[in-house]
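Below is one structure, written out as C-alpha cells; the observations come after it.
In the text below, chain A, chain B and the rest are named by the order of the sequence lines, each starting its count at 1. Side-chain atoms are counted along with the backbone in the values below, which use heavy atoms only and exclude waters and symmetry mates.
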Protein chains: 2
Amino acid sequence: MDICTRLGKNVRRLREEKGWSQEDYADRAGIHRTYVSDIERGRRNPTVTVVEKLAVPFDVRPGELLD
Amino acid sequence: MDICTRLGKNVRRLREEKGWSQEDYADRAGIHRTYVSDIERGRRNPTVTVVEKLAVPFDVRPGELLD
DNA sequence: CTGTGACTGAGAGTCCGTC
DNA sequence: TGACGGACTCTCAGTCACA
C-alpha cells in the first residue's frame, strides 16, 4: 500500500479514536481542514514538517504515522 | 531539534555505517546526489514519498528516519 | 567525494465555496 | 460532518555547473 494511503488511514483512525471532527483536529494540528481531508484520503504527499504537525495532537512520534 | 535536521542526521549516520558515499547511496535510493547532500544537511523539507525512497537502501521502516 | 547557488515544472499548502 | 472543486501563493523535486 502507498505511503500516502497508509499515512491517511493512520490519521483517520487516530482522529476517530479521539472523537474529533476533521475541523477540530485540523485546528489542533495547525493545518487547514481541507488539507486534512485530502491527507486522510491519500490524495496528498505531505512534507515531513506537516507529518510532525499531524503527530502533535495525537502525542505520538511522527514516524508512527507512516507505519 | 528540527525534524529535517533529525532526518538528515539519521540518513548520514546510516549511510556511513554502510560505508557508502553520497553518490553510491543516491543511486541505490533513486535520488540525485546533490539532493541527498541537501537532505543530510537538513536544508530540504522532503515529502513522505522521498522519505520512503530514502529508507529502501537501509532496509528500515520510513518512519525510523524521523526518530 | 561533497557543498552550494541557481534554475524550472510540479505540486504542497491555503482559502473560498457548494453539495 | 465530510467530500470535493477552483484559484491562489509558495515551496519542493530534480538537475546542473562549479567550488
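- In this structure, the side chains of A/R28 and A/K18 stay at 4.5 Å or more apart for every pair of heavy atoms.
- Residue B/D24 is the one, among B/D24 and B/R41, whose nearest nucleotide of DNA chain C lies closer to the 5' end (criterion: closest heavy atom).
- Atom pair A/H32:NE2 and C/dG13:P shows a separation of 14 Å (rounding to whole Å applied).
- Looking at A/T34, its side chain has no donor and acceptor atom pair within 3.5 Å of the base of D/dC4.
- Pairing of D/dC4, defined by two Watson-Crick or G-U wobble distances under 3.5 Å, is identified with C/dG17.
- Of the inter-residue distances, the one linking B/T49 atom OG1 with A/L7 atom CG reads 11.5 Å to the nearest 0.5 angstrom.
- As rounded to whole Å, 13 Å separates atom P of C/dA12 from atom CD1 of A/I3.
- Between the CD1 atom of A/I39 and the P atom of D/dG2 there is a distance of 14 Å, given to the nearest Å.
- Spacing between atom CG of B/D27 and atom C1' of D/dG14 amounts to 14 Å, rounded to whole angstrom units.
- In terms of phosphate contacts, B/R12 brings no side-chain nitrogen or oxygen within less than 4.0 Å of OP1 or OP2 of C/dC1.
- Summarising the geometry, the separation between CG on A/N45 and P on C/dG11 is reported as 9 Å, rounded to the nearest angstrom.
- Taking every heavy atom of both residues into account, B/P62 and B/A55 meet most closely at CA-CB, 3.7 Å.
- Only one option out of A/R43, A/R44, A/R33, A/R12 pairs with A/D38 in a salt bridge (charged side-chain N to carboxylate O under 4.0 Å, His left out); it is A/R44.
- A donor-acceptor contact under 3.5 Å is formed by the side chain of A/R44 with the base of C/dG13.
- Look at CH2 on B/W20: it is 13 Å from P on C/dT2, rounded to the nearest Å.
- Within 4.0 Å (heavy atoms only), B/S37 reaches at least one base atom of the nucleic acid.
- Hydrophobic clustering (ILVMFWY, side-chain heavy atoms < 4.5 Å, transitive): B/V60 and B/V11 are in one cluster.
- One finds a side-chain N or O of A/Y35 lying less than 4.0 angstrom from the OP1 or OP2 phosphate oxygen of C/dG13.
- Protein atom CG of B/D38 is 12 Å distant from nucleotide atom C1' of C/dA6, rounded to whole Å.
- Between the side chain of B/R33 and the base of C/dG3, at least one donor-acceptor pair of N or O atoms lies under 3.5 Å.
- In this structure, A/I31 atom CD1 and D/dG2 atom C1' are separated by 17 Å, rounded to whole Å.
- Checking the phosphate oxygens (OP1, OP2) of C/dG5, a side-chain nitrogen or oxygen of B/R43 falls inside 4.0 Å.
- Take the nearest nucleotide of DNA chain D for B/V48 and for A/S21: the residue whose nucleotide is more 5' is A/S21.
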